[in-house]
Amino acid sequence: MAPVTEFVNATRMPGADLTPVYNIFSSMSSVKGSHAIRASQLVEDAEKFTLFVDWDAVDDHLAFQTTDAYKAFMGKVMPHSNGRATVFHAEVTPFPPTVLDNAEGRGKTPVAEVVYTYFEPEADAAKGTAAGQALVAGLSAAGFGGLTGESSIGWTVEKDVDFKGEKTRVLVIIIGWESVEAHSKARSTDAYNKVIADFQSATEGVKGVQISHVSTKTL
C-alpha cells in the first residue's frame, strides 16, 4: 500500500494549553509504521489545530487503533479536545510532504497553505489531480514572490469524509509560502485569480473548499 499522511483537524478546549496534546501525540513516534509527526494551530483560528502524521500505510494506523495502547492514547487526548475531531488520510505526492516541515523555522517553508477541496465520493480522481497540479504549476509560472517552491497534492483514502452532512472525498493541496502576507498579496492580483478560475473550471462535483495556513512544529 502507498504511504499516507494522516490529518487530524481538531478544536482545543477554550484557551487550553496545547502542549499536553502535542506531548501525547509525540508518543506515537514509537508506533509501528509511523514517522514524522507535525502540529500547528491555524493562523485563521488559534482555537483550531491540525496534526499531520506520516505513515508507511493506512493499515498501520488502523492496526494501532485496535490496540489497548490506542484506547489509552485516546483517553489522554479527549479531555483536551472540544468536540469530535475530523480525521482522514491522504496519499500525497511528493511524500513525505516536506512542505509541512517548517520545523519551527528551520525548514524551507515557513507557512503552508492547506487547501481541502471536497468532491463527490466518486469524482474523477485523475482529473482532479491534474487540475491540482496545474494550479500549483500556474502559481509558479506566474512568478509570485513568496512561494517557496514546495507543494504536495493527493486524495484521501476515505470517500466518506463529512462535509456539512454529506459524504465526500477530499483533494488535499498544500502550497508553501514565505508568509501569510505573501499569499495575501498574491491573491489580490488578476494573475492569481485567473489561476484559481482555471482550477475551478477544470473540476466537477466540488461540494466546497476550505483553506487555512499552518506553521508547524515537529513533535
- Item | Trace of the ring pair (Phe, Tyr, Trp, His ring centres under 6.0 Å) decision for His80 with Tyr22 | CA-CA 10 Å; His80 301 281; Tyr22 293 169; over 10 Å; no

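- In terms of modelled atom types and a separation under 3.5 Å, the side chain of Ser26 and the main chain of Asn23 share a donor-acceptor contact.
- With Thr216 contributing its side chain and Leu100 its backbone, the two residues share a donor-acceptor pair below 3.5 Å.
- Between Tyr118 and Gln210 the shortest side-chain heavy-atom distance falls below 4.5 Å.
- Lys71 contributes atom NZ, which lies 9.0 Å from atom OG1 of Thr66 (distance to the nearest 0.5 angstrom).
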- Query: Which is it for Val58 and Met1 under the side chain to side chain contact (heavy atoms under 4.5 Å, CB included) test, yes or no, and what are the steps along the way?
  - Reply: CA-CA 8 Å; Val58 67; Met1 295 185 71; 3.4 Å; yes

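- Pairing each heavy atom of Pro96 with each of Arg38, the nearest pair is CB-NH2, 4.3 Å.
- Linking ILVMFWY residues whenever their side-chain heavy atoms come closer than 4.5 Å, directly or via other members, places Trp177 and Ile153 in the same cluster.
- Although no hydrogens or angles enter the test, the distance criterion places no donor-acceptor pair under 3.5 Å between the side chain of Ser151 and the main chain of Ile175.
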- Item | Test side chain to side chain contact (heavy atoms under 4.5 Å, CB included) applied to Tyr192 and Lys185, step by step | CA-CA 10 Å; Tyr192 184 93; Lys185 184 177 180 179; over 6 Å; no

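- The OG1 atom of Thr5 sits 10.5 Å away from atom NE2 of His35, with the distance rounded to the nearest 0.5 Å.
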- Item | CA sep, side-chain torsions, deciding dist, call: Phe73, Val31, side chain to side chain contact (heavy atoms under 4.5 Å, CB included) | CA-CA 11 Å; Phe73 169 82; Val31 176; over 6 Å; no

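- Between Ala112 and Ile174, the shortest heavy-atom contact is CB-CG2, 3.9 Å.
- With salt bridges taken as basic N to acidic carboxylate O contacts below 4.0 Å, one links Asp198 and Lys194.
- Once rounded to the nearest 0.5 Å, the distance linking CG of Asp60 with CD of Glu6 reads 11.5 Å.
- Under a hydrophobic-cluster definition in which Ile, Leu, Val, Met, Phe, Trp and Tyr are linked whenever side-chain heavy atoms come within less than 4.5 Å, directly or via other members, Val172 and Phe163 are assigned to the same cluster.
- To the nearest 0.5 Å, the span separating CZ on Arg187 from CD1 on Ile211 amounts to 5.5 Å.
- Scanning all heavy atoms of the two residues, the minimum distance from Ser179 to Val111 falls at CA-CG2, 3.9 Å.
- Two residues are said to be in side-chain contact when any heavy atoms from C-beta on lie closer than 4.5 Å; Thr148 and Glu178 meet this criterion.
- Contact check on Lys108 versus Asp101 returns no salt bridge, with no Lys/Arg side-chain nitrogen under 4.0 Å from an Asp/Glu carboxylate oxygen.
- Closest approach of Ala39 and Leu51 over heavy atoms only: CB-CD2, 3.6 Å.
- Residue Ser81 holds its OG atom at 8.5 Å from CE of Met13, rounded to the nearest 0.5 Å.
- Phe64 and Val21 fall within the same hydrophobic cluster, defined by Ile, Leu, Val, Met, Phe, Trp and Tyr side-chain heavy atoms under 4.5 Å apart, directly or through other members.
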- Message: Walk me through whether Ser212 and Glu44 qualify under side-chain hydrogen bond (donor to acceptor under 3.5 Å, both in side chains).
- Response: CA-CA 7 Å; Ser212 61; Glu44 292 76 7; 4.9 Å; no

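- Side-chain contact between Phe199 and Ile196 is absent, with no heavy-atom pair separated by less than 4.5 Å.
- Counted within 6.0 Å of CD on Glu47, heavy atoms from surrounding residues, nucleotides or ligands total more than 12; the atom is thus considered enclosed.
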- Thr50/Val114 under side chain to side chain contact (heavy atoms under 4.5 Å, CB included): CA gap, chis, key distance, verdict: CA-CA 10 Å; Thr50 301; Val114 181; over 6 Å; no

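- At least one side-chain heavy atom of Pro97 sits less than 4.5 Å from a side-chain heavy atom of Asp54.
- Remark: of the listed residues Phe88, Trp55, Phe49, Phe88 is the sole one forming a ring-ring contact (aromatic ring centres under 6.0 Å, His included) with Phe7.
- Contact annotation: the side chain of Thr117 never approaches that of Thr203 to less than 4.5 Å [non-hydrogen atoms, C-beta and beyond].
- Proximity of a side-chain donor or acceptor of Glu158 to a complementary backbone N or O of His89 within less than 3.5 Å is detected.
- Note on Trp155: it does not cluster hydrophobically with Val92, by side-chain heavy-atom contacts below 4.5 Å among ILVMFWY residues.
- In this structure, Asp190 places its CG atom where only 12 or fewer heavy-atom neighbours from other residues, nucleotides or ligands lie under 6.0 Å away.
- Residues Val209 and Val136 share a single hydrophobic cluster, defined by chaining ILVMFWY side chains whose heavy atoms lie under 4.5 Å apart.
- The minimum heavy-atom distance between Pro110 and Asn102, with the atom names listed, is CA-OD1, 3.2 Å.
- Note: His183 NE2 to Ser188 OG = 10.5 Å, rounded to the nearest 0.5 Å.
- Remark: side-chain polar atoms of Thr156 are not paired, donor with acceptor, to backbone N or O of Arg169 under 3.5 angstrom.
- In terms of heavy atoms, Lys76 sits closest to Pro79 at O-CD, 3.3 Å.
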